Amino acid sequence: MKFRNVVKIGVGLSVLLFCLGVAFYSFVSLTDAEKGKDVNMFALIPDDCNGVLDTDNIGYYTSEFPRTSYAVDLDTLHHSELINNILTDITKYTSVNTHGLSNQIRRIMISFHNSASPKDVVAYFKVSNTGTGFVLDILRQKYGPDIYPKTEDYRGRKIEIFPLGKTANFLSVLSGEGYIVVSYHKKLIERVIDAIKDGTSLSNDDVFKKYQEKKSANYLTFYGRTASLPLLSENHSHIWSEFELHLNSDVLYLSGSMYEPDSCSQGMSYRLENIPAISEDSILVVSGREKVDSCVSKVLSEPRNSIFDQCVSNLSREASYIMVADMDKVAENIKLYSSYVPGFICENIELFRPFIISSQITEVNGKFSHIYVFTYKE
């Protein structure tokens, strides 16, 4: 998957993400959800997607992100077209506001599909009211009062298609009890309907559905069909990784776990223990718990005068693998280091140059958790 658009959309929402989290709702059937029970949003998402972005409070990130010292460096990317048309105006519907539209939107998810096109995404809204009124409201504010949808039927479901003013674009919308789904492509909305009708959604994915856990409030997580470390995957297509975003003034970090079939765990464990070591100027890679313990302990015992050494000292001595690297050095030889860094970082390497990356993977009972910390250098 090309993760370039994940970065664009993440920053378009005033967060980095992943460029590269989720409140888990029990996997009830969509039939039950449509009868009035809580909507399982994963039951709407086709299981052949390449990634999912999920947040319960986009307003929190749009308010927190501009306060960080690295906001200027990360705000140079262009917004996705879908974000420009819908999501940049969405915050007034997510919290109390002067229009009396408080809490209409309770959760936003975006799924990414096969193409690198910024239009090849689907946005899902968990809403407190039925209908597409807020979508029409946003579009009329942007494109004028004369916007009216036409409707088409697909497998017994109604798809509303809105013209976007004088542009050549259209927005396809599917609504149900407690949710609204939008995309530029009607075919992607049809795939959502297929997932609902045929049971081919992420809620039925054998790997994905096993490992969901409750998230605290104000989360934003990206789920990618990838290993958190490319060296571990061996091109397996059934591996998922989650990356939950956390922010403070000088550091952003991504944490989560990998989800893999049981048949992959032993091979991943072996590869993790045998990653070649690297110790060069501003780049450090260490694999194996004893070696990691020795390395971090050595740095802790010495004066730590550089940001790089501080980054090493902050990693866990119990990790199975660590990497600390000045991203300028990585960018100078990206082909060499591409196996050590997630693909979305390599494909957007210029975005990460202002940071030192610190990563660790820890294996416990065959389960792999990871943390990626980006420390701002200036």
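Predicted model, so just to flag it, every value in this text is computed and none were measured.
- Looking at K186 and E190, a side-chain N of the basic residue comes within less than 4.0 Å of a carboxylate O on the acidic one, giving a salt bridge.
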Query raised in the report: Run the side-chain hydrogen bond (donor to acceptor under 3.5 Å, both in side chains) check on S255 and H246 step by step: do they pass?
Result: CA-CA 8 Å; S255 64; H246 307 266; 3.2 Å; yes

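- Counting heavy atoms from C-beta on, the side chains of L174 and I180 never come closer than 4.5 Å.
- Contact check for V181 versus V122: side-chain heavy atoms found under the 4.5 Å cut-off.
- S313 OG to L300 CG: the interatomic distance, rounded to the nearest 0.5 Å, is 5.5 Å.
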Could you pull out all donor-acceptor pairs under 3.5 Å where a side-chain atom in residues 273-281 meets a protein atom, sequence neighbours excluded?
residue : atom : partner : partner atom : Å
N274    : ND2  : Y270    : O            : 2.7
E280    : OE1  : Y337    : OH           : 3.2
D281    : OD2  : K329    : NZ           : 3.3

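- Within 6.0 Å of OH on Y253 lie no more than 12 heavy atoms contributed by other residues, nucleotides or ligands.
- Counting heavy atoms from C-beta outward, D153 and K158 have side chains that approach closer than 4.5 Å.
- Between Y148 and P163, the shortest heavy-atom distance links the atoms O-CD, 3.5 Å.
- No side-chain heavy atom of M258 sits under 4.5 Å from any side-chain heavy atom of E242.
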Report task. Dump the intermediate steps for side chain to side chain contact (heavy atoms under 4.5 Å, CB included) on I159 and T151, then the final yes or no. Result -> CA-CA 6 Å; I159 302 174; T151 62; over 6 Å; no

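- Counted within 6.0 Å of CD on E302, heavy atoms from surrounding residues, nucleotides or ligands total more than 12; the atom is thus considered enclosed.
- A distance of 10.5 Å separates OG of S257 from CZ of F243, quoted to the nearest 0.5 Å.
- Considering only heavy atoms from C-beta on, Y124 comes within 4.5 Å of V192 through its side chain.
- Ion pairing between a basic and an acidic side chain is recognised when a charged N comes within 4.0 Å of a carboxylate O; K126 and D56 show no such pairing.
- More than 12 non-hydrogen atoms from other residues, nucleotides or ligands lie less than 6.0 angstrom from NZ of K377.
- Here the closest non-hydrogen pair linking L315 and V296 is O-CG1, 3.7 Å.
- I322 contributes atom CD1, which lies 8.5 Å from atom OG of S359 (distance to the nearest 0.5 angstrom).
- Atom OG of S316 is separated from atom CG of D293 by 8.5 Å, given to the nearest 0.5 angstrom.
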Report task. For the pair D47 and N204, evaluate side chain to side chain contact (heavy atoms under 4.5 Å, CB included) and give the outcome as yes or no after the intermediate values. Result -> CA-CA 8 Å; D47 62 5; N204 294 317; over 6 Å; no

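- Under the 4.0 Å criterion applied to side-chain N and carboxylate O atoms, R107 and D54 are assigned as salt-bridge partners.
- D120 CG to L188 CG: the interatomic distance, rounded to the nearest 0.5 Å, is 5.5 Å.
- Aromatic pair F208/F42: ring centres closer than 6.0 Å.
- Here the closest heavy-atom approach between residue L229 and residue Y321 is recorded as CD1-OH, 3.8 Å.
- Shortest non-hydrogen contact noted between P261 and V207 is CG-CG2, 3.8 Å.
- Between F355 and F374, the ring planes are perpendicular. Angles over 60° get that label, and only those under 30° would be called parallel.
- L284 has its side chain within reach of V312: a pair of non-hydrogen atoms, C-beta onward, lies under 4.5 Å apart.
- Between Y259 and Y223, the angle of the ring planes lies from 30° to 60°, which puts this pair in the tilted group.
- The side-chain heavy atoms of L202 and C49, taken from C-beta on, include a pair separated by under 4.5 Å.
- Closest approach of P230 and S338 over heavy atoms only: CG-O, 3.7 Å.
- Between I357 and Y372, the closest heavy-atom pair is CD1-CD2, 3.6 Å.
- For the atom pair I349 CD1 and D328 CG, the distance stands at 9.0 Å (nearest 0.5 Å).
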Requested in this report: Dump the intermediate steps for side chain to side chain contact (heavy atoms under 4.5 Å, CB included) on T362 and F368, then the final yes or no.
Outcome: CA-CA 6 Å; T362 304; F368 303 86; over 6 Å; no

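- Both I110 and L254 are assigned to one and the same hydrophobic cluster, defined by single-linkage of ILVMFWY side chains at heavy-atom distances under 4.5 Å.
- Between R191 and D48, at least one side-chain nitrogen of the basic residue sits less than 4.0 Å from a carboxylate oxygen of the acidic one, meeting the salt-bridge criterion.
- Transitive grouping of hydrophobic side chains (ILVMFWY, heavy atoms separated by less than 4.5 Å) brings I239 and V341 into a common cluster.
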Report task. Carefully, step by step, assess E363 and K367 under the rule salt bridge (charged side-chain N to carboxylate O under 4.0 Å, His left out). Result -> CA-CA 5 Å; E363 179 187 2; K367 303 301 179 185; over 6 Å; no

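- Residues I189 and K187 fail the side-chain proximity criterion, which asks for heavy atoms closer than 4.5 Å.
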Query raised in the report: Going through the distances and angles, do R155 and D194 end up as a salt bridge (charged side-chain N to carboxylate O under 4.0 Å, His left out)?
Result: CA-CA 8 Å; R155 298 187 68 178; D194 290 339; 2.9 Å; yes

Query raised in the report: Checking side chain to side chain contact (heavy atoms under 4.5 Å, CB included) for the pair F112/L53: CA distance, chi angles, key distance, verdict?
Result: CA-CA 8 Å; F112 304 88; L53 182 69; 4.0 Å; yes

